Amino acid sequence: MGERLRLTVGTMGNASSLLLYSAPILTFWRVIKKKTTEEFSCLPYIVALLNCLLYTWYGLPVVSCGWENFLVVTINGLGIILEVSFILVYFWFASANGKVKVTLGVLPVISVFFATTLISALVFVDHHERKVFVGTIGLVASVAMYGSPLVVVKQVIETRSVEFMPFYLSLFSFLASSLWMAYGLLSHDLFLAFPNVVGCPLGILQLALYCKYKKTAAVKVENKRDTEKNESDSDQKNEGFDQKDGSM
C-alpha cells in the first residue's frame, strides 16, 4: 500500500512538473512573435536547468540504488530538453547585453554539473555517499530554483503589474512542489522533500501576489477604457460644435 501510494504521488508529481516545465511555452511564443525578450528574466530557466541536470544524475543507478528514483529521472530528463529550448530562444532574441548575461549564467551551471558528476562517480564508491553528495548540491539548486522567481516578485511589487509573472507558472510551481514534497516524505528521502518545503510557501506567495495585483491591473484597464471613451465622446462633441459654427 505504501509503495503504491508513493508511486501514485510520484506520477502526479511528474504530471504537475510537466505542466510547470511547459508553462513558459506561452511566454516564449510571445517572445518569438514580438522578436524581443521584453522585461522577462532568463534566470529562472537557467537555475531550473541546473536543477534538472543534478536530479537526473541523482536518480540514475550510478547514484541511487537501482531505479528507485525512475520517476525523478524521467521528468527531469524532459525538463532538461525544455529548459535548454527556452534558454536558446531567449538567447536568440536577447540584446547583446542580454546574451552576455545568459552566457555568464549558463557557464557556471555546466561547470557545476560536470564537477558534480565527476566527483560523485570517481571519488565516492558507496551509493549512500553519492546520494548525500549529489543530493546536497541538488538541494541547494532546488532552493535556488524556487527562489529565483523572487526577482520577478520584486518587479511585480514595484510595478504593481503581473504581466511578467505568468499565472500558470506560479500555479504549477505550487502544485509540483507540494506533490514532490509528499513523494520525498513517502520515500524517506530528505533530498527530494526538503527543497519543496521551501517551494510550497513561495508558490503560495506568488499566487497571492498574482491575485492582489491582477485586480489592480483590471481596475487600471477599466479606468483607461473609461478615459479613452470620455476623450472620444469629447472629440465627437467638439466636432459637432465645429460643424455648427461652420454652417453659421
Side-chain angles (χ1 to χ4, degrees), residues 2-22 43-88 102-148 172-173 176-199:
E3 180 64 16
R4 185 176 298 177
L5 177 61
R6 185 180 76 91
L7 291 174
T8 300
V9 172
T11 302
M12 293 171 64
N14 263 14
S16 60
S17 292
L18 177 59
L19 293 173
L20 171 62
Y21 292 140
S22 303
L43 180 62
Y45 310 106
I46 294 174
V47 178
L49 174 61
L50 176 60
N51 179 75
C52 290
L53 287 168
L54 289 171
Y55 273 100
T56 298
W57 180 247
Y58 180 85
L60 290 172
V62 179
V63 177
S64 295
C65 297
W67 288 101
E68 61 176 343
N69 287 315
F70 176 74
L71 292 173
V72 176
V73 174
T74 54
I75 190 58
N76 284 287
L78 181 59
I80 291 171
I81 297 172
L82 289 172
E83 299 303 336
V84 168
S85 300
F86 296 148
I87 292 170
L88 288 175
V102 172
T103 303
L104 292 176
V106 170
L107 288 178
V109 165
I110 296 173
S111 301
V112 169
F113 174 66
F114 278 109
T116 303
T117 56
L118 289 174
I119 293 172
S120 60
L122 301 177
V123 176
F124 300 103
V125 295
D126 180 73
H127 280 289
H128 176 70
E129 292 177 346
R130 289 175 179 174
K131 285 186 72 173
V132 170
F133 176 71
V134 178
T136 301
I137 299 173
L139 189 152
V140 174
S142 286
V143 172
M145 182 183 74
Y146 287 122
S148 60
F172 297 144
S173 176
S177 58
S178 300
L179 289 166
W180 282 113
M181 179 177 66
Y183 178 84
L185 292 174
L186 290 169
S187 302
H188 306 290
D189 192 329
L190 292 179
F191 295 117
L192 293 178
F194 184 77
N196 297 290
V197 173
V198 177

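Below, all heavy atoms of this structure are taken into account, side chains as well, without hydrogens, waters or symmetry copies. What you are looking at is a predicted structure, and each value in this text was computed from that prediction instead of being measured.
To the nearest 0.5 Å, the span separating CE on M181 from CG on L186 amounts to 10.5 Å. Atoms CG and CH2, from D189 and W180 in turn, are 10.5 Å apart once rounded to the nearest 0.5 Å. Rounded to the nearest 0.5 Å, atoms CD1 (I46) and CZ (F86) are 13.5 Å apart. For the atom pair CG of L20 and OG of S177, the computed distance is 8.5 Å after rounding to the nearest 0.5 Å. Atom OG of S16 and atom CG of L179 lie 4.5 Å apart (nearest 0.5 Å). Rounding to the nearest 0.5 Å gives a distance of 11.5 Å between OG of S17 and CE of M12.
Between L192 and Y58, the closest side-chain pair of non-hydrogen atoms falls below 4.5 Å. With contacts defined as side-chain heavy-atom distances shorter than 4.5 Å, the pair V132/F191 qualifies. With contacts defined as side-chain heavy-atom distances shorter than 4.5 Å, the pair N76/I80 does not qualify. Between Y183 and L7 there is no side-chain heavy-atom pair separated by less than 4.5 Å. Contact annotation: the side chain of S142 never approaches that of N196 to less than 4.5 Å [non-hydrogen atoms, C-beta and beyond].
Nearest approach of V73 to G59, heavy atoms of both residues: CG2-C, 3.2 Å. Nearest heavy-atom pair across G77 and T56 is N-OG1, 3.4 Å. When all heavy atoms of V47 and A144 are compared, the pair lying nearest together is CG1-C, 3.5 Å. When all heavy atoms of V9 and A182 are compared, the pair lying nearest together is CG1-CB, 3.9 Å. The minimum heavy-atom distance linking N69 with S64 is given by the pair ND2-OG, 3.1 Å.
W57 and T116 share no side-chain donor-acceptor pair at under 3.5 Å. Counting only N and O atoms by type, the side chains of R130 and S120 include no donor and acceptor under 3.5 Å apart.
Listed by first then second residue, pairs satisfying salt bridge (charged side-chain N to carboxylate O under 4.0 Å, His left out) with a partner in residues 65-82 read E68-K131, not counting sequence neighbours.
Scanning for ring-ring contact (aromatic ring centres under 6.0 Å, His included) contacts around Y21 gives an empty result, with sequence neighbours left out.
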For residues 104-114, tabulate all N or O donor-acceptor pairs below 3.5 Å that involve a side-chain atom, not counting sequence neighbours.
from : atom 1 : to   : atom 2 : distance (Å)
S111 : OG     : L107 : O      : 2.9

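Between F124 and F133, the ring-plane angle classifies as tilted under the 30° and 60° cut-offs.
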